[in-house]
Every structure is written in structure tokens, then in C-alpha cells.
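The next block holds one structure in the form of C-alpha cells; read it before the comments.
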Amino acid sequence: MKSFHIITFGCQMNEHDSERMTGILEEQGCTSSSVAENADMVILNTCSIREKAEQKFYSELGRLKKIKDERPGLKIAVAGCIAQQEGANILSRAPYVDIVFGPSDISRLPSMIERKRSWSLPVVDVAGDPDYHRKRIPTTRTDRLKAWVSIMYGCDNYCTYCVVPYLRGRERSRLPLEIVSEVRELAGKGYKEVTLLGQNVNSYGKGLEGDANFPSLLRMVDDVPAIERIRFVTSHPRDLSDGLISALRDLPKVCEFLHLPVQSGSNDVLKAMNRRYTREDYLGKIMRLREVLPSVTLTTDIIVGFPGEQERDFAMTMDFLEEVQYDGIFAFKYSKRPGTAALRHDGHLTDDIKEKRLAQVLDLQRKITSRNNEKLVDSLQEVLVDGLSKKGGTLSGRTRGNKAVNFNAPAALIGSLAMVRIIAAGMNSLTGHLCE
Ligand code: SAM
Ligand code: SF4
């Protein structure tokens, strides 16, 4: 096998897993091909967080089958969460698939390919490597400036709607020194920003010897020279500690940005979701955070139409959005997932109701986001310039609050920090003036 092409579905973790698969395969002498049509092997790195992501995968698989019908030598591999969920069952639906492997089996990819070469039967490996979190895996990143760094895998929270704990396993943290050494290496290669990845970064360190925790990890990463910015996703509100709030305030490289998924503004729904915090707990934490960091950018995730969600529960979510005034949200219709507890809850809602509630939430948030962005007009923002602009202005970049900014400046600034005065604001981006 000389060339491969990876198609990635889903979240940043999957994007990063694909960077690892690329690193592993390139180390074996293979090259990445930009299109499936020219590749010897296509890997579909799948997501099963919602039904829609699964449907997208199966339609892509159908398209690949047509290519394979014309070119039977093509190898098709299925990776990620659907691979973990379905295992060998994928083969009964798609017998033309050659390799199926789970998210913690990535490092065995070369041996799976070798097995497939010497064996006509499909290879299925979803056993999970118990030492995966202790391994340093070769990684070819797509960006030259910003890098994702996994700090932990899995999740122990068992929110009743979510498949992640079943598919990504129990929470396992990487060693702090391993993480810091990876960040140092990235700094040496010219990276300016790292985003620390985990399903619940606030509980980082659980199970490790000593007193490793997330704020102390942030301090260690903050000390790495040449890294200019540190971000992280995702924080679970229950585990958002005063220590993390202080780290956000005190550590110069940690951006004043927090993605803190609330999911619902109704205590009854939060309880049914097993989120283990109340609306009041969450608001109390946000108040403390805003007291010490008034300029913090806040975003969240919302699920509408959770089983049993009444009109009054939904009204509480709308009211919550008004109260918090988030800078942005990701909103989803509740999606039934196999094996999760919420499947067995009473009161599943029709798609029409979910669709209507989703539209209402998004409509309200559009207004809030626009208002918040307008408040930034005339402010001075530190922007990490990441490339040529696709919209107005010649260059684009991100503020510390992760808002996109377009402005006119020489291309030589790409890769550096610039001070930009904001002169106009839209819902999705800001326009600015470079301050000399
Ligand atoms: N670990 C993160 C947390 O708890 O905040 C988020 C992980 S999940 C990949 C991202 C988002 O997908 C969740 O915050 C939730 O809003 C959404 N999600 C997860 N399962 C879902 C489901 N069954 N239906 C709709 N949305 C879902
Ligand atoms: Fe899923 Fe909840 Fe874990 Fe997030 S915290 S990954 S929503 S189980």
C-alpha cells in the first residue's frame, strides 16, 4: 500500500486521531492522497454522537463501494466510534470493508494492514489498547501554527444521552511530563497555539500518581517557551474548580475563553441527563468566573427535545441563554443513541417539536452573538494571524476569545501576533484595522 486518504467525521478528537493515523502511515513510507479516487486505501474515521453523523458515514461508504467496484484493489478501512460500536457488524452491512478498528487501536494500524495483505478475510480490531494513553504516537498535523494535544481519553460521566463512555472507554490521563514534552516539541517546530483535548479536561489527573490536576498541567504548559496561546476543550461544569478560574486569570498564555456545555436550563432535564449540577450551580460558577475575568468569552452546547422536555423546561433554556449571554453555542436536537439510558426514558418528542425548538434557540442566540460582537467595536484585540482571508480584508486570525477577525496587513504577519482595532462586527466575524 503506497497511498491513503482519510475522511474524518465529527469532533476535534476525531480530527486529531486522523492526524495520528497520518503520522503512523507516513512513518511506514506511505503518502497521503488528497482524493479517495487516487488512493490505495481509504480510511473513514467515523462519529456516532448523533444519528445524522452515522447517516453521513453510510452514504460515504456507499460512494466508496462504487469506486471499489471499478477498482477492486482499493482497501477500505472504518475507524472511530462507529467502528467501535458496530465491530464486525459493519461487515454484514458492507462486506467490501477490509479493516475495522477502534479509537484506541490506532497504533496497531500497520500490523492490521500487514495482516490484511497476507489474509483474504477482513481484519476487525476493536479490542482497545490498555496502554494507548501511555504511548507517544507519530502525528502529522494539518495546521502549522495551531496544534491539538490530547491530554486524556475516555469519559466516566455517563450522561444519559451520550455514547462516548461506551465507545471511548473509561477516563485515562496522559502523564504531565509526556504532555509537556509534546508541547515543547511543537514549540520547536514553530507552533504558536496548543489546544488541550479531553472529554472532561477538568478532571484531568484522576488515577495518576501524585497530585496532577488540570490547573497544575496548565501551569506547566504555560511555562513552555515560544508557545503563545493555550486553549482547552471540553470542561464539564460540575468539575470547574476555583483553581481553574485562577489559572484562567493568572496564566498569561491561557486564553480568556471557556466552552462550558450546559445542555439545558431546566433542573429537571439536567437531572434526567445525569449532568450532576443545577442551573444555579452553573450560574454561580459563571458569576465567579466573570468577577475575576469580565472579558471572558463563553460558549456552550445545548440539547433540545431531550425525552420528557416540557414547554416550560424549554422556556427555561431560552431564559438561560438570555441570562448568560453566551458568545456562541452549538445546539443539537436530541438524538437516540444505542445503549444509552435516555433511550428508555419516557416522553420522547417528535422531530417536528425538536426542529421547532432548535430553530428558536438558534434564532435567539444569533441575536445575542451579534450584540456581543458589536460590543467589541472600537476595542483593541490581540490576534494570532493564521492566514489569508476568505472574506473582507487580506488576512484573518483569531482573538484570544477565539473570534475570527479579517483585516488588511502584509502577508509577512502570518504566524505572528498582531494588535488589531475592531471597526465592524458581524455574527460570524469581526473586521479590524492593524495598529502599527
Ligand atoms: N464531553 C463534552 C461535554 O460533556 O461537555 C462534550 C462531548 S460531545 C462530543 C459534544 C456535544 O454533543 C455534547 O456536549 C452534547 O451537547 C452533544 N450530544 C452528545 N450526545 C448527544 C445526543 N445523543 N443527542 C444530541 N446531542 C448530543
Ligand atoms: Fe458524553 Fe457527558 Fe462524557 Fe461529555 S461528559 S463525553 S456528554 S458522557
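Only a predicted model underlies this, so the values are computations on that prediction, with no experimental measurement involved. All ligand and atom numbering here is 1-based and tracks the order in the structure. Numbers here are sequence positions counted from 1.
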Students should be able to answer this: which protein heavy-atom is nearest to atom 21 (C) of ligand 1, and at what distance?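 Residue, atom and distance for the closest contact: Y161 CD1, 3.7 Å.
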Nearest non-hydrogen protein atom, atom 11 (C) of ligand 1: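 I find the closest protein heavy atom is D301 OD2, 3.4 Å.
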Where's the contact between [X] and ligand 1, heavy-atom distance under 4.0 Å: side chain, backbone, both or neither?
X: I49; result: both
X: P261; result: side chain
X: F332; result: side chain

Less than 4.0 angstrom from a charged side-chain N to a carboxylate O is my criterion; do E311 and R357 meet it?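 Salt bridge flag = yes for R357 with E311.
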Basic-acidic side-chain contact under 4.0 Å: E37, R63: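 Judged by the 4.0 Å cut-off on N to carboxylate O distance, E37 and R63 do form a salt bridge.
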What are the two closest non-hydrogen atoms of [X] and [Y], and how far apart are they?
X: S264; Y: L270; result: O-CD2, 3.6 Å
X: K354; Y: L349; result: CE-O, 3.4 Å
X: N14; Y: F9; result: ND2-O, 2.8 Å
X: S396; Y: N406; result: CB-OD1, 3.3 Å

Polar-atom distance check: S335 versus ligand 1, any N or O pair below 3.5 Å?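 Among all N and O atoms of S335, at least one is under 3.5 Å from an N or O of ligand 1.
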Report yes if Q199 has an N/O atom closer than 3.5 Å to an N/O atom of ligand 1; otherwise report no.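 In this structure, Q199 places an N or O atom under 3.5 Å from an N or O of ligand 1.
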Under 4.0 Å to a heavy atom of [X] - the qualifying atoms of ligand 1, by number:
X: Y334; result: 24 (N), 25 (C)
X: T234; result: 2 (C), 3 (C), 5 (O)
X: K333; result: 24 (N), 25 (C)
X: Q263; result: 13 (C), 14 (O), 15 (C), 16 (O)
X: R50; result: 12 (O), 17 (C), 18 (N), 24 (N), 25 (C), 26 (N), 27 (C)

What is the ring orientation for W148 with H16, classed by angle as parallel under 30°, tilted 30 to 60°, or perpendicular over 60°?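 Ring orientation, 0 to 90° scale: perpendicular.
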In terms of relative ring orientation, are H259 and F330 parallel, tilted or perpendicular, with 30° and 60° separating the classes?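 The rings of H259 and F330 stand perpendicular, inter-plane angle above 60°.
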For the aromatic rings, using the six-membered ring if either is Trp, is the centroid distance between [X] and [Y] under 6.0 Å?
X: F306; Y: H345; answer: yes
X: Y282; Y: F320; answer: yes
X: Y334; Y: Y161; answer: no

Sub-4.0 Å heavy-atom contact, [X] with ligand 1:
X: R275; value: yes
X: K336; value: no
X: N200; value: no

Contacts of type side-chain hydrogen bond (donor to acceptor under 3.5 Å, both in side chains), residue D351, not counting sequence neighbours: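 In terms of side-chain hydrogen bond (donor to acceptor under 3.5 Å, both in side chains), with neighbours along the sequence ignored, D351 is linked to K333.
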Can you list the ligand 2 atoms lying under 4.0 Å from a non-hydrogen atom of R275?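 Contacts of ligand 2 toward R275, numbered from 1: 2 (Fe), 7 (S).
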What are the protein N, O or S atoms, given as residue plus atom name, that sit under 2.8 Å from atom 1 (Fe) of ligand 2?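 Under 2.8 Å from atom 1 (Fe) of ligand 2 - ignoring waters, which are not counted - the protein N, O or S atoms are C162 SG.
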So how far is it from R50 CZ to S335 OG, rounded to the nearest 0.5 Å?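 With rounding to 0.5 Å, CZ (R50) is 7.5 Å from OG (S335).
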Got more than 12 heavy atoms from elsewhere within 6.0 Å of NZ, K356?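 Result for NZ/K356: open.
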